[in-house]
Amino acid sequence: MSEKPTNFIRTKIADQIKQGQISEIVTRFPPEPNGYLHVGHAKSICLNFGLAEEFGGRCNLRFDDTNPEKESQEYIDAIENDVRWLGFEWSNLCHTADYFEQLFDWALHLIRNGDAYVDEQSAEAMRLNRGTLTEPGVDSPYRDRSPEENEALFCKMRDGELPEGAAVLRAKISMSAPNVNLRDPALYRIRHIAHPRAGDQWCIYPTYDYAHGQSDAIEGITHSLCTLEFEDHRPLYEWLLKKLPVPSRPKQTEFSRLELEGTVTSKRKLNALVQAGHVSGWDDPRMPTIAGMRRRGYSPEGIRLFCERIGVTRKPNTIELQILEGSVRDDLEGRAHKAMVVLDPLKLVVTNWDQAPLELTVPWHPKRPEFGSRTMSFGRELYIDRSDFALDPPEGFFRLIPGGSVRLKYGFIVDFDDVVIGDDGQVSEVHVRYDPATRSGEDQSGRKVKGTIHWVHAESACAVDVHLYDRLFTVADPGSYDDPASVINPESLIVGQAWAEPSLHTRMPEAFFQFERVGFFKQDPACEADRMIYNRSVTLKDAWAKKQ
RNA sequence: UGGGGUGUGGCCAAGUGGUUAAGGCAGCGGGUUUUGAUCCCGCCAUUCGUAGGUUCGAAUCCUACCACCCCAGCCA
């Protein structure tokens with residue numbers, strides 16, 4: 001295989017180690033538990049955990065849980081599950097909430113040094129006084145309170161004596177900074193609301209800007225990796241680290257976030273789709289969430305391969321869906337069991353077959369003998385896919401046609417005999433004669449046919465449901481719509497019935513399958529034993545369809 | 001019109017002054033094939049946003065310009 005592609009962060013770390021500037025790296029993946037993880041998070045997870053792994057360092061999973069309004073235990077559990085499923089194990093499981101006491105003490109430190117003050121302006125007034133992108137802001141009338149007064153007020157905030165919105169703690173930096181993030185950013189706000197982890201211990205909560213860098217410092221993070229939109233926050237990140245007696249000095253490095261063609265990677269918008277019932281949940285197989293991709297039948301290795309292929313840079317980028325699908329296919333090709341399933345059945349009658357059904361031994365994977373084999377019965381009545389027969393074949397069609405022959409994979413070559421047209425004018429049956437000398441594995445006839453098609457034995461086949469997924473949206477950039485629901489693809493899910501060889505069900509439910517010549521499928525975890533559901537993860541490449 | 005970023009083939013992406021500008025995906029052509037899949041082979045940027053300049057030599061240095069992205073939450 002090819003070696004791992006490099007990127008600017010990896011190169012920098014390798015360099016720092018070589019120069020002896022650092023001996024160990026510590027990274028962290030810091031999701032806010034306000035939704036499920038999506039493919040964009042997968043990129044970050046692979047980066048953070050991957051780097052730590054590669055350089056023999058550590059990586060923490062840290063819940064950036066500073067805003068109890070949006071966070072919940074359901075999300076916390078789902079995130080842990082998703083990270084593990086992707087194949088990573090954290091060094092420490094951390095919660096910003098566990099640092100609340102320390103963060104509070106440090107806030108006092110800022111206040112006592114005159115670096116923070118309690119502002120009692122309304123949110124509206126603060127917004128107005130912040131100025132604009134081109135004009136400086138105006139100092140708050142509360143900006144020059146004494147440290148003593150600030151400390152007393154801040155303690156009142158903590159003690160619950162002030163209502164929500166009555167006051168915030170602000171860093172005292174500059175209201176005229178050209179970088180608006182430095183115009184006395186809020187550090188603490190009042191929220192009389194319980195926290196999923198801290199319970200009702202607190203009614204003031206730190207903001208991301210105040211909590212993040214300090215949390216990094218507490219954990220001894222060396223490389224704090226985040227996306228580009230936080231670049232303008234870096235001066236603030238550094239300002240706080242410099243003002244506070246923190247135990248270490250982490251460095252923030254930004255990279256560009258993943259943009260995936262045809263998908264939405266905004267937790268807010270994904271949540272809206274879930275809430276409105278446009279999808280069955282966060283784990284709907286059409287969702288770009290890790291849970292959705294898992295349920296759809298993507299493998300962790302396939303997703304990791306994808307993350308490796310897309311690289312890490314600071315450039316704006318939009319990744320084509322083909323790269324994700326191609327990565328998944330490439331991984332699944334080697335690990336999926338190959339089964340025969342007919343999605344759109346057409347009865348095939350082998351007119352010269354008068355014997356009992358024949359049991360054929362068929363390998364689960366032609367190149368992987370260790371996968372073992374199963375038996376398939378072959379008899380007089382079979383189903384083939386309707387698309388594998390053409391009364392009036394187009395140029396280049398080499399499946400079954402009047403007067404023609406095809407091989408039934410792992411079975412025999414059959415020669416066209418006759419066709420039966422139903423009342424609806426459609427072909428209802430195709431009659432063929434099999435050539436006994438052409439049995440797979442012992443064919444000495446010397447016959448060669450152009451096409452090989454899949455089939456199932458009508459008598460023993462099992463009916464299963466198949467869920468055929470297509471892209472969730474009709475446009476390439478649903479994320480740029482305020483309401484992506486307005487461009488939902490009404491055909492993003494097609495439920496069909498199929499006939500499967502019975503041994504499909506003898507495999508474990510976790511198994512990945514390739515339905516030969518059709519696509520990769522995975523059993524849906526929610527289906528019942530008497531009505532199996534297989535989700536189509538991704539189709540096979542199809543040069544014939546493309547030519548059409 | 002403020003600040004911070006980014007521009008290398010259809011999509012990603014190496015490359016940081018010196019052979020014919022890596023590689024992946026997609027595409028195209030061919031071979032193998034009992035999956036029109038997989039696999040294998042070959043092709044696919046005289047050119048690095050544009051225009052100047054420095055240099056024996058530039059995607060890499062300088063200047064100007066252009067385009068696009070992010071920032072005015074008590075979200076992260």
Side-chain angles (χ1 to χ4, degrees), chain A residues 2-3 5-8 11 30-32 34 64 66-67 69-70 119 121-123 126-128 130-137 164-170 177-183 185-191 204-205 207-209 211-212 226-235 254 256 261 267-268 306 308-327 329-330 333-334 338 340 366-367 396-399 406-411 413 438 440-441 443 448-454 514-519 539-547:
Chain A
S2 59
E3 67 184 55
T6 195
N7 62 61
F8 76 102
T11 303
E32 182 191 12
N34 66 341
D64 207 357
T66 58
N67 184 0
E69 261 175 289
K70 303 178 177 175
D119 194 345
Q121 290 183 103
S122 66
M126 267 184 67
R127 185 175 66 76
L128 258 20
R130 186 154 28 236
T132 70
L133 293 178
T134 53
E135 297 158 330
E164 288 190 11
V168 295
L169 183 72
R170 289 230 255 173
N179 178 347
V180 292
N181 293 118
L182 260 19
R183 315 245 258 233
L187 268 24
Y188 269 93
R189 69 287 214 190
I190 301 169
R191 287 287 177 277
I204 56 170
Y205 293 97
T207 59
Y208 163 86
D209 279 318
H212 204 89
C226 63
T227 45
L228 242 25
E229 61 267 31
F230 293 101
E231 192 165 23
D232 289 341
H233 294 242
R234 193 172 61 221
E254 312 84 16
S256 45
E261 184 186 275
K267 278 195 264 186
R268 205 195 95 242
F306 167 70
E308 208 169 275
R309 285 180 175 175
I310 60 176
V312 178
T313 66
R314 293 170 65 85
K315 281 195 297 197
N317 62 81
T318 304
I319 307 294
E320 293 174 332
L321 207 56
Q322 299 159 335
I323 298 188
L324 210 211
E325 296 186 337
S327 302
R329 274 191 200 105
D330 286 355
E333 169 57 32
K338 314 222 168 170
M340 303 257 237
K367 293 179 184 170
F397 187 86
F398 47 83
R399 278 105 99 145
V406 279
R407 172 170 290 281
L408 297 174
K409 188 163 173 126
Y410 295 125
I413 289 177
T438 59
S440 284
D443 185 345
K448 290 273 181 257
V449 288
K450 209 58 183 297
T452 298
I453 64 175
H454 58 106
Q514 180 192 108
F515 291 177
E516 298 219 36
R517 305 207 311 130
V518 178
T539 59
L540 255 36
K541 277 205 250 176
D542 189 347
W544 170 244
K546 202 186 297 180
K547 204 188 303 185

B:rC44 - base-pair partner by Watson-Crick or wobble geometry, distances under 3.5 Å: none

[N] to [M] separation - [atom1] atoms, rounded to the nearest Å:
N	M	atom1	value
B:rA59	B:rG18	C1'	13 Å
B:rU8	B:rC48	P	12 Å
B:rC69	B:rG23	C1'	27 Å
B:rA58	B:rG17	P	14 Å
B:rG5	B:rU20	P	35 Å
B:rA21	B:rU32	C1'	33 Å
B:rG15	B:rG52	C1'	24 Å
B:rG29	B:rA72	P	50 Å

For [X], answer base if it contacts any base atom (sugar-phosphate contacts may also be present), sugar-phosphate if it contacts only those atoms, and nothing otherwise; contact means non-hydrogen atoms under 4.0 Å.
X	value
A:Ser122	base
A:Glu32	sugar-phosphate
A:Lys409	base
A:Arg183	nothing
A:His454	nothing
A:Phe230	base
A:Phe515	nothing
A:Gly411	nothing
A:Val312	sugar-phosphate
A:Ala543	sugar-phosphate
A:Glu254	nothing
A:Asn34	nothing
A:Gly137	nothing
A:Ile310	sugar-phosphate

Which whole-number value in Å describes the distance from [X] [atom1] to [N] [atom2]?
X	N	atom1	atom2	result
A:Phe398	B:rA37	CZ	P	8 Å
A:Asp232	B:rU6	CG	P	12 Å
A:Gln322	B:rC25	CD	P	12 Å
A:Glu231	B:rG5	CD	P	5 Å

Below 4.0 angstrom from OP1 or OP2 of [N], is there any side-chain N or O of [X]?
X	N	value
A:Arg314	B:rU6	yes
A:Lys338	B:rU35	no
A:Lys70	B:rA76	no
A:Arg517	B:rG36	yes
A:Arg268	B:rG73	no

What's the closest nucleotide to the [X] side chain, out of [options]?
X	options	value
A:Val180	B:rA37, B:rC71, B:rU6	B:rC71
A:Thr313	B:rA26, B:rA13, B:rC12	B:rA13
A:Lys315	B:rC25, B:rA76, B:rA13	B:rA13
A:Tyr208	B:rA76, B:rG27, B:rG5	B:rA76
A:Arg399	B:rG2, B:rG36, B:rG24	B:rG36
A:Arg189	B:rC74, B:rG15, B:rU35	B:rC74
A:Arg130	B:rG73, B:rA26, B:rU8	B:rG73
A:Thr134	B:rG2, B:rU34, B:rU35	B:rG2
A:Asn67	B:rU35, B:rC75, B:rA26	B:rC75

Which word best sums up how the rings of A:His233 and A:Tyr208 line up, parallel for under 30°, tilted for 30 to 60°, or perpendicular for over 60°? perpendicular

Stacking between B:rG36 and A:Trp544, yes or no? Criterion: centroid separation under 5.5 angstrom, plane angle under 30 degrees. yes

Approximate separation, where rounding is to 0.5 Å, of A:Glu516 CD and A:Thr452 OG1: 10.5 Å

Taken in chain and number order and not counting sequence neighbours, the residues that satisfy side chain to side chain contact (heavy atoms under 4.5 Å, CB included) with A:Thr132 are A:Thr134, A:Glu135

Any idea if B:rG73 is syn or anti, going by the 90°-from-0 cut? syn

Using ring pair (Phe, Tyr, Trp, His ring centres under 6.0 Å) as the criterion, list what pairs up with A:Tyr188, not counting sequence neighbours. A:Phe154, A:Tyr210

May I ask you to decide if A:Thr313's main-chain N or O and A:Ser256's side chain share a donor-acceptor pair within less than 3.5 Å? yes

